[in-house]
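We use all heavy atoms of the structure for the numbers below, so side chains are in, but hydrogens, waters and symmetry mates are not. Within every chain, numbering begins at 1; the chains are lettered A, B, ... in the order of the sequence lines, protein sequences first and strands thereafter.
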Amino acid sequence: MSRANAYYITSPIYYVNDAPHIGHAYTSLACDALARFMRLDGREVKFLTGTDEHGQKVEKAASAAGEAPQAFVERMSRRFSRLSDQMGFTNDDFIRTTEQRHVASVQRLWRELAARDQIYLGVYAGWYSVRDEAFYTESDLVDGMAPTGAPVEWVEEPSYFFRLSAWQDRLLEHYENNPDFIAPETRRNEVISFVKGGLVDLSVSRTSFRWGVPVPDDPDHVMYVWIDALTNYITGVGYPDTAHPEYRRFWPADVHLVGKDILRFHAVYWPAFLMAAELPPPKRVFAHGWWTNEGRKISKSLGNIIDPVALVERYGLDQVRYFLLREVPFGNDGDFSHRAMVSRMNDDLANDFGNLVQRVLSMVNRNCDARVPEPGALEDADEKLLAAAHALLDELRDSFARQSFHTALIRLWEVIGAANRYVDEQAPWALNKTDPARMRTVLYVLAETIRHLAVLAQPITPGGAGRILDQLAVDEGARGFASLGPDGALVPGTPLAKPEGVFPRYVEAGQGAR
RNA sequence: GGCGGAGUAGCUCAGUCGGUAGAGCAACGGAAUCAUAAUCCGUGGGUCGGGGGUUCGAGUCCCUCCUCCGCUACCA
């Protein structure tokens, strides 16, 4: 496969101290949809996710749990790999920062930076609050106390620093020359504004804890989060072996998908590290927004954290995937509410899409001898509907290239709407009595339209889309985008099984179907 | 404080180069009956945050005021 055909997408690595929640699932889901889309489009995809397992918090949590750090992270990391399985994510690899491949990678990157005089030994100083276990800057302090009201003390410890300040101009130049490097636009503005405000060197090691990657040649230090965590993206493709086939094929990454809270690390520190090591920066960093729960900010103290697995159990996997990617423009914040979820699930999936498939395939089953009907000459309305279906691929390519999942879904649903209107206008149930040949043409056009819709819906709702293609007797090997268009059209005469609903309605408890 | 974004129909939002406001959902009325009581059609007099200005004409440009949100360095 050529480099141009490769597509490398990453989720952040998730901090094992956190319990998996909707935020983690959301980021990985977006990656998964993108990865699936690109695979179906014939690209060679690598989708990487994983866990971040070092740091003082982990060291302390392990100690509090009476466990060795390594045993602790084994257990905690598994919760994230399990979430990936439960959500049906198709990541090609799962990286853990405690793996030997990563330790070797990070130490090598460190040496590369040090060899280029990008790292120097200095003193990290700041106001430390023992109670908060956190450092504060001068500007953070309120009346000489931490913002939390905790007492602070001036602490100094030796630390290695990365010469981030030296990269300000080259970063700004990079943003300028690569307008798509940071998305969405508003986040890009924020990052540029931040960098223009001036960069100071970055403390990249600690001596206050041991649970981290040792700094080469100075065992008193372990690496602080930045270099350790971000480097996972190149570890995943074989670094430090830059001759590795995966590195050659996949680096630089096509897109790092991240939450807006960690954009700066990805859009400022990470490209600076890479450029300083004379490695190419990623092509794009996309920061998505946060979800609220029934209009309220999600927080541990409110106890309203959303468990993605519970959502899937209640509404279904396809339904949750569809909702999260349709409800809000990717990049914006959004609100999760039961009402909105049910509306998407019932109105969009069950009524519009599911019912379209059901009504068409039922007529085929009953009136066409349960076989793909033989079409006659096409009329304008037929050509128009098919043209809309055929145009979808290019439209969705544009949307997915921009991570604009909701516009992709809007396009799909425009054709679903057009197909439903076409059914009503053509009234094949009436044609069954007056003009069966015309009915067969109409149903064929609809079946072929549905094939396009299902093939293209696979990245978002892989379960239901797959069942639709099953019902159309489309071979597993003929479900890629290469099969779209007239050349891959359904073959008249192909026997079809009796249709079954693919997107069930949500029925409120106690309100059984009437 | 500085920088950036936003305030448009009950709700969520579109509105390109300025030309007398649109979509989805909800609501109401109708058609149809193939289908997961699903579908289709019709119905929107909302000071486009307030005020002022430019213009033949402004959500759409300029000024000003109000409100909300994001970023403003080491919280993955």
Side-chain angles (χ1 to χ4, degrees), chain A residues 12-18 23-24 27 51-52 54-55 57 97 124 126 132-137 139-140 147 159 161-162 164 184-204 224-226 228-230 258-266 268-269 289-290 327-329 332-335 337 339-340 343-344 346-367 406 410 413-414 416-417 419-432 439 442-443 446 499-507 513-514:
Chain A
I13 46 174
Y14 303 119
Y15 201 50
V16 287
N17 255 26
D18 296 332
H24 302 110
T27 318
T51 45
D52 177 15
H54 288 129
K57 281 187 188 171
T97 56
Y124 181 60
D132 298 345
E133 296 175 5
F135 274 92
Y136 294 101
T137 63
S139 57
D140 287 333
S159 169
F161 284 82
F162 169 72
L164 183 63
E185 190 77 25
T186 176
R187 299 293 162 207
R188 177 170 186 267
N189 292 341
E190 287 177 5
V191 169
I192 290 173
S193 163
F194 169 79
V195 174
K196 277 185 176 164
L199 297 174
V200 299
D201 291 346
L202 192 66
S203 168
V204 290
Y224 192 49
V225 58
W226 318 123
D228 180 3
L230 291 163
V258 300
K260 64 182 182 182
D261 56 327
I262 55 173
L263 173 61
R264 182 194 306 153
F265 314 136
H266 287 78
V268 181
Y269 303 169
W290 289 141
E327 184 66 5
V328 60
N332 291 8
D333 289 345
D335 180 50
S337 70
R339 183 185 156 82
S343 173
R344 291 295 177 197
N346 287 356
D347 297 344
D348 295 2
L349 286 175
N351 296 355
D352 291 343
F353 195 10
N355 184 56
L356 169 69
V357 175
Q358 186 69 13
R359 67 199 300 210
V360 169
L361 294 187
S362 291
M363 285 186 275
V364 169
N365 185 68
R366 192 167 336 103
N367 302 328
H406 82 293
I410 287 171
W413 257 253
E414 282 172 355
I416 288 169
N420 270 318
R421 283 191 291 281
Y422 174 88
V423 175
D424 280 36
E425 286 160 8
Q426 300 298 324
W429 54 90
L431 292 169
N432 187 37
M439 174 199 72
V442 166
L443 291 178
L446 282 164
E500 284 175 34
V502 290
F503 295 117
R505 291 175 59 79
Y506 183 90
V507 180
R514 283 170 293 162

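In this entry the distance linking CG of Asp18(A) with C1' of C75(B) reads 11 Å, nearest Å. With rounding to whole Å, Gln426(A) atom CD is found 15 Å from U39(B) atom C1'. In this entry the distance linking CG of Asp333(A) with P of C71(B) reads 10 Å, nearest Å. Here the P atom of nucleotide G2(B) and the NZ atom of Lys196(A) are 18 Å apart, to the nearest Å. Between Asn355(A) atom CG and C40(B) atom C1' the separation is 12 Å, expressed in whole Å. Taking atom CG of residue Asn432(A) and atom P of nucleotide A32(B), one finds them 19 Å apart after rounding to whole Å. Rounding to whole angstrom units, CZ of residue Arg187(A) and C1' of G70(B) are separated by 6 Å. At whole-Å resolution of the value, CG in Asp352(A) and C1' in A23(B) are 14 Å apart.
For the OP1/OP2 pair of U39(B) and a distance below 4.0 Å, the side-chain nitrogens and oxygens of Arg421(A) include no atom meeting the criterion. Residue Arg366(A) places at least one side-chain N or O closer than 4.0 Å to OP1 or OP2 of A35(B). Of the side-chain N and O atoms in Tyr224(A), none sit less than 4.0 angstrom from OP1 or OP2 of A76(B).
In G45(B) the O4'-C1'-N dihedral to the base is more than 90° from 0, which defines an anti nucleotide.
In this structure, Ser362(A) reaches the sugar-phosphate backbone alone: every heavy-atom distance under 4.0 Å involves primed, P, OP1 or OP2 atoms, never a base. Within 4.0 Å of Asp347(A), counting heavy atoms only, lie sugar-phosphate atoms of the nucleic acid but no base atom.
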Check the pair Lys57(A), Asp18(A) against salt bridge (Lys or Arg N to Asp or Glu O under 4.0 Å), reporting the backbone distance first and the verdict last. CA-CA 10 Å; Lys57(A) 281 187 188 171; Asp18(A) 296 332; over 6 Å; no
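Under a cut-off of 6.0 angstrom, the local environment of CD in Glu414(A) is crowded, with over 12 non-hydrogen atoms contributed by other residues, nucleotides or ligands.
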Report the secondary structure of RNA chain B in dot-bracket form, marking unpaired bases with a dot and bases paired to a different strand with |, and treating Watson-Crick or G-U pairs with both distances under 3.5 Å as paired. (((((((..((((........)))).(((((.......))))).....(((((.......))))))))))))....
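Residues Asn432(A) and Arg366(A) have side chains that never bring a donor and an acceptor to within less than 3.5 angstrom of each other.
Taking only distance into account, the side chain of Asn351(A) never meets the base of A38(B) through a donor-acceptor pair shorter than 3.5 Å.
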